[in-house]
Amino acid sequence: MITIETFVHILDLGGTFVFAISGAVAAVNRRLDIFGILVLSFVAGNFGGIGRDVLIGAVPPAALTDGFYLLVSMLAGLITFFLYAGVDRLRSPVLLFDAAGLAFFAVAGAQKAIAFGLSPVMSALLGMLTGIGGGMTRDVLLADIPQVLHSDLYAVAALVGASIVVIGDMLGLAYGISALTGGALCFGLRFMAIRHGWRLPIAHLSAHGRAGSDPSSHDKPY
Amino acid sequence: MITIETFVHILDLGGTFVFAISGAVAAVNRRLDIFGILVLSFVAGNFGGIGRDVLIGAVPPAALTDGFYLLVSMLAGLITFFLYAGVDRLRSPVLLFDAAGLAFFAVAGAQKAIAFGLSPVMSALLGMLTGIGGGMTRDVLLADIPQVLHSDLYAVAALVGASIVVIGDMLGLAYGISALTGGALCFGLRFMAIRHGWRLPIAHLSAHGRAGSDPSSHDKPY
Amino acid sequence: MITIETFVHILDLGGTFVFAISGAVAAVNRRLDIFGILVLSFVAGNFGGIGRDVLIGAVPPAALTDGFYLLVSMLAGLITFFLYAGVDRLRSPVLLFDAAGLAFFAVAGAQKAIAFGLSPVMSALLGMLTGIGGGMTRDVLLADIPQVLHSDLYAVAALVGASIVVIGDMLGLAYGISALTGGALCFGLRFMAIRHGWRLPIAHLSAHGRAGSDPSSHDKPY
């Protein structure tokens, strides 16, 4: 019978793989070399989980003691390196892999936070932060504003997925069911947001506010 | 009677609130959506304290186990989102809130480092780093060079505030007095630096140095 | 007789000094003030080691409990500040100091990871990550894509140096010999890569791929 540890492990490895692909594709597009690609694969694939493990006190993090995370990250980087043309043929591949990684990590992150005794609200948020962490680090390393901060329902999707897992745990449901539901909901929400351009509201600026000034002013907010 | 734990807690929450406002205002100016605003509020408000807690081994960090930090951050984000026009009417609001957050965190960070048994010099520096951490992460996430690195007496103000707390502790003064003195001095120093453009010296470049070359060269220092 | 702890300590301080110089020089070139220079010295010199210590659970990190790291970082920052013209006269000084810091940290990081009981493969990678961490943080704070990600054999050199130490440990060699060999190989490899422009391969893009589109498209990979 599959234990909860094995289950979180498999979710974690799945998330690592797809996030590593997203890191590798972004690295290839910036013309980084093979090692830069592998480093970015590892960072994108593992810094969400490493951040979570450091925060809940599970050090050394699983990504450093369990060789599978490294293996899966390198595999994703090498596949992308050698088959880039194929990977690129998918429409917006980074977005899709990123959405799948988000779903995996949101669910696995919430599950692990529960197992370490954090409160329900914090477990849901830690699941969200786990999902966000890898992609944020990837974007920061490429000197971009992280996609999560101006993207269509990105963090909301992660939070919904993680919350389903937490609620399922409180209701005593089998974790397989709540994880599958949460993950599917997270991916579906993010996918629909990309496809239909669903957006969250932005703040209303006054008529004489910055919105009316020249666009370059937005680059220097203070 | 108020204990030192309660006192550090209140300082921490105050710093979290004002830094969260600074994060939210910066996010609004970059036209991020409501969730991006809340994420940046949490990050700016809590990554100084989370960094400190991870470094001194206080994991899970207070920001994840104590719901007040989350509450205060979300409140600051929502207030900024709905009342932005009002917040914006203050002159240079990010700068002012940032200075207040710096004072709160420098004092609280030093206090907590002392409580965890770090040496006086390191407690002062950890106070400074706590004060710097939130704002730095905010700026890094917005792909800016952190304000602290080229700002008028920014880190010095934090270091002075934290040092007052450490010296007060060594002299056996009541922590309320040294915290108030240190915090006021930190805020005052930073405020005067902004108002009067006080600056620290920069390195003297040789006559044939880079200062004389074309400006774009500054973007590629190596 | 010199113990392994003393040895790792000396390597660590050496790496801290040269990385701190690289941080200070980069800060001077960006026209940061004296405190910005000192902050960047500390960050560049210590965030590799701090990252390693947080990951292996050695908190508070050595850089916060042992005053020498601070002393050495400040010294490097002040020397650079006052003698910049002299430092600048060296050809590509940041690159050279960066290469030396990489060698010191790769070796010391691997040594400490072994001492904390990590597996050989992970010890080598942690050595590499220790070497990469300081420079990456320096570049991220200056809003650049980290040099390591698009540089000639940068991470490979660190990995080779760290691997020599790990292999030496497995073979039971004196750590002085394997550390010297690993460090020299790391520095030499990096130096030759800079001098002769050795590069790793980048991914092959399809004929109709992004390589053919306008250059600006590389700035928005997704």
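Just so it is clear, the model here is predicted, and its values are computed rather than measured. Note on naming: letters A, B, ... go to the chains in the order of the sequence lines (proteins, then strands), and numbering restarts at 1 for each one.
Heavy atoms closer than 4.5 Å to chain B are found in the side chain of A:V121, but not in its backbone. Proximity to chain A (any heavy atom under 4.5 Å) is shown, for B:A27, by neither the backbone nor the side chain. For B:L38, no part lies under 4.5 angstrom from a heavy atom of chain A. Looking at A:V54, both its backbone and its side chain come within 4.5 Å of chain B, counting heavy atoms on both sides.
Comparing B:A24, B:P60, B:G57 by how many heavy-atom pairs each has under 4.5 Å with chain A, the most go to B:P60. The candidate from A:I56, A:V156, A:L129 with the greatest count of non-hydrogen atom pairs under 4.5 Å with chain B is A:V156. Chain A forms the most heavy-atom pairs under 4.5 Å with one residue out of B:L70, B:T65, B:I50, and that residue is B:L70.
Between B:K112 and B:D53 there is a salt bridge, with a side-chain nitrogen of the basic residue lying less than 4.0 Å from a carboxylate oxygen of the acidic one.
With sequence neighbours left out, the side-chain hydrogen bond (donor to acceptor under 3.5 Å, both in side chains) criterion links B:S123 to no other residue.
Of the possible donor and acceptor atoms, one in the side chain of B:D66 sits under 3.5 Å from a partner among the backbone N and O of B:F68. The backbone N or O of B:L142 sits less than 3.5 Å from a side-chain atom of B:R30, completing a donor-acceptor pair.
Counting only residues at least two apart or in different chains, ring pair (Phe, Tyr, Trp, His ring centres under 6.0 Å) contacts with residues 15-64 of chain B comprise B:F19-B:F105.
The shortest side-chain heavy-atom distance between A:I167 and A:S178 does not fall under the 4.5 Å cut-off.
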